[in-house]
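Everything on this sheet refers to the single structure shown next.
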Amino acid sequence: MRATELLGWYEHARRDLPWRRPGVTPWQILVSEVMLQQTPVARVAPVWTEWVTRWPTPSATAAAGVADVLRAWGRLGYPRRAKRLHECAVIIATRFDDVVPSDVDTLLTLPGVGSYTARAVACFAYRQRVPVVDTNVRRVVTRVVHGVAHAPPSSRDLDEVAALLPDDDTAPRFSAALMELGATVCTARSPRCGDCPLSRCRWRERKYPPATAPRRVQRYAGTDRQVRGLLLDVLRNSSAPVERAALDMVWLTDTAQRDRALHSLLADGLVEQTPDGRFALAGEGEPDQSVTSAPDSVDPDVVEPQANRRR
DNA sequence: CACCCGTGGTG
DNA sequence: TCACCAAGGGT
């Protein structure tokens, strides 16, 4: 793969995304990367802008309550990401002097920061020459280098992408360009190969062989995930604690499933029970300075006690 | 490795 | 219409 072709294309094709503008801090880039985990750019952009305006630094985020963080997260999905991001803020504020670590191995110790996010921060926020492998990069390399439409994640992906990186300081831009190509041209559904800047593509040379084993997507309708979403939506939209009966109304078809969903939200620390037995977003009523969260006991009459409450 | 974790746009 | 899919991570 010719780096010059990709970099030349990226120079004019790159989208003007808010987290790419000058002055954006490593923390704000970390926020964007977490929000972008499985959520499309178009939905992240407005939430990210509002978020970093309200909480520009880790310490500002840490000082907020989890409930406010979950509300600001809105409907981006997978709200555990929001809670882990808040945990990141607390850790960075208290242990790293409000500075996001630049070292990949240290980044990997942060909650909700995995292989992709750690390297994305090291690369895009700190300009390090480290491979960044997301679904876009994997798909582009799979097609261009191997001539295959799709490939499952492999432990060799990192080394392969590392070998493609330019030796100089253009490596971060190269990775950004690779991702951009996958996001806008070499897309999963209907790739726009006519707009591709690459002169050589093994997939094209092989006449675009289709994927052999279509990967089945996760079902959503009727799952615990849907029920959790409905329950959390009620709590996000209520400033006051909610009665159990109000939560029960969101899922009448399967009471056992509904109870299981509420149970798991409590276990995840996304929801808490007030002393009078009602329910609220975690951290409701401690809107400031809550560096140490203090989980309270669960009323056994209303919900079965948790075996593994975090302390 | 398989499965779980939300939500909404789209071909 | 309804699967598919979107800058993944944790267990």
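Quick caveat, the model's predicted, so the values are computed rather than measured. Protein chains get the first letters and strands the later ones, always in sequence-line order, with residue 1 at the start of each.
A salt bridge links A:Glu205 to A:Arg200: at least one charged side-chain nitrogen sits closer than 4.0 Å to a carboxylate oxygen. Between A:Asp233 and A:Arg75 there is a salt bridge, with a side-chain nitrogen of the basic residue lying less than 4.0 Å from a carboxylate oxygen of the acidic one. Between A:Asp168 and A:Arg129 there is no salt bridge, since none of the side-chain N atoms of the basic residue sits less than 4.0 Å from a carboxylate O of the acidic one.
Heavy atoms of A:Val113 sit under 4.0 angstrom from primed sugar atoms or phosphate atoms, though from no base atom. Across all strands, A:Thr223 comes closer than 4.0 Å to no nucleic acid atom at all (heavy-atom distances). Residue contacts shown for A:Gln226 are absent, as no nucleic acid heavy atom lies under 4.0 Å away. Among the atoms of the strands shown, base atoms are found under 4.0 Å from some heavy atom of A:Leu76. Across all strands shown, A:Trp73 has no heavy atoms under 4.0 Å from either base or sugar-phosphate atoms. No engagement by A:Arg138 is indicated, since no non-hydrogen atom pair under 4.0 Å with the nucleic acid exists. At the heavy-atom level, A:Arg236 lies under 4.0 Å from the strands shown only through sugar-phosphate atoms. Within the nucleic acid shown, A:Arg43 comes within 4.0 Å of at least one base atom, counting heavy atoms only. Within the 4.0 angstrom heavy-atom criterion, no nucleotide atom of any strand lies near A:Leu231. A:Arg20 comes within 4.0 angstrom of a nucleotide base, judged by non-hydrogen atoms across all strands. When heavy atoms are screened at a 4.0 angstrom cut-off, A:Gly114 is found touching the sugar-phosphate backbone but no base atom. Within 4.0 Å of A:Ala120, counting heavy atoms only, lies no atom of the nucleic acid at all.
For the OP1/OP2 pair of B:dC5 and a distance below 4.0 Å, the side-chain nitrogens and oxygens of A:Ser264 include no atom meeting the criterion.
Spacing of P atoms, C:dA7 relative to B:dG11, comes out at 14 Å, to the nearest Å. Taking atom C1' in both C:dC4 and B:dG6, the straight-line distance is 16 Å, to the nearest Å. Taking atom C1' in both C:dC5 and B:dC5, one finds a spacing of 16 Å when rounded to whole Å. The C1' atoms of B:dC1 and C:dG9 are separated by 15 Å, rounded to the nearest whole Å.
The partner of B:dC1 cannot be assigned: no Watson-Crick or G-U wobble pair with both contacts below 3.5 Å exists in any strand.
For the pair A:Glu87 CD and C:dG9 P, the computed distance is 15 Å after rounding to whole Å. Atom OH of A:Tyr220 and atom C1' of B:dG9 are 14 Å apart (whole Å). Atom pair A:Met179:CE and C:dA6:C1' shows a separation of 12 Å (rounding to whole Å applied). Taking atom CG of residue A:Leu85 and atom C1' of nucleotide C:dG8, one finds them 14 Å apart after rounding to whole Å. As rounded to whole Å, 11 Å separates atom C1' of B:dT7 from atom CD of A:Gln38. Across the protein-nucleic acid pair, A:Arg228 atom CZ and B:dT7 atom P stand 10 Å apart, rounded to whole Å. Taking atom NE2 of A:His150 as the reference point, atom C1' of C:dC5 lies 10 Å away to the nearest angstrom. Atom CG of A:Leu158 and atom C1' of C:dG8 are 14 Å apart (whole Å).
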Fill in: Derivation of the side-chain contact (heavy atoms from CB on, under 4.5 Å) call for A:Phe124 and A:Val132
CA-CA 9 Å; A:Phe124 301 134; A:Val132 179; 4.3 Å; yes

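Listed nucleotides: B:dT10, C:dG9, C:dA6. Nearest to the side chain of A:Thr135: C:dA6. Relative to the side chain of A:Tyr78, the nucleotides C:dG10, B:dG6, C:dA7 differ in distance, and B:dG6 lies closest. Here the nucleotide nearest the side chain of A:Arg81, chosen from B:dG6, B:dG8, C:dA7, is B:dG6. The side chain of A:Gln37 has C:dG9 as its nearest neighbour among C:dG9, C:dA7, B:dT7. Distance from the side chain of A:Arg189 is smallest for C:dC4 among the nucleotides B:dC5, C:dA7, C:dC4. When each of B:dG6, B:dG8, C:dC4 is scored by its nearest atom to the side-chain atoms of A:Thr39, the top-ranked nucleotide is B:dG6. Closest to the side chain of A:Gln218, from the set C:dG9, B:dC5, B:dT7, is B:dC5.
With contacts defined as side-chain heavy-atom distances shorter than 4.5 Å, the pair A:Thr135/A:Arg139 qualifies. Two residues are said to be in side-chain contact when any heavy atoms from C-beta on lie closer than 4.5 Å; A:Leu262 and A:Arg244 meet this criterion.
Mapping A:Ser190 and A:Gly74 onto DNA chain B via the closest heavy atom, the residue that lands nearer the 5' end is A:Gly74. Each of A:Asn136 and A:Val217 has a nearest nucleotide on DNA chain C; the 5'-most of these lies closest to A:Val217.
Residues A:Leu231 and A:Met249 do not share a hydrophobic cluster, clusters being chains of Ile/Leu/Val/Met/Phe/Trp/Tyr side chains in contact below 4.5 Å.
At least one donor-acceptor pair closer than 3.5 Å links the side chain of A:Gln257 to the backbone N or O of A:Gly222.
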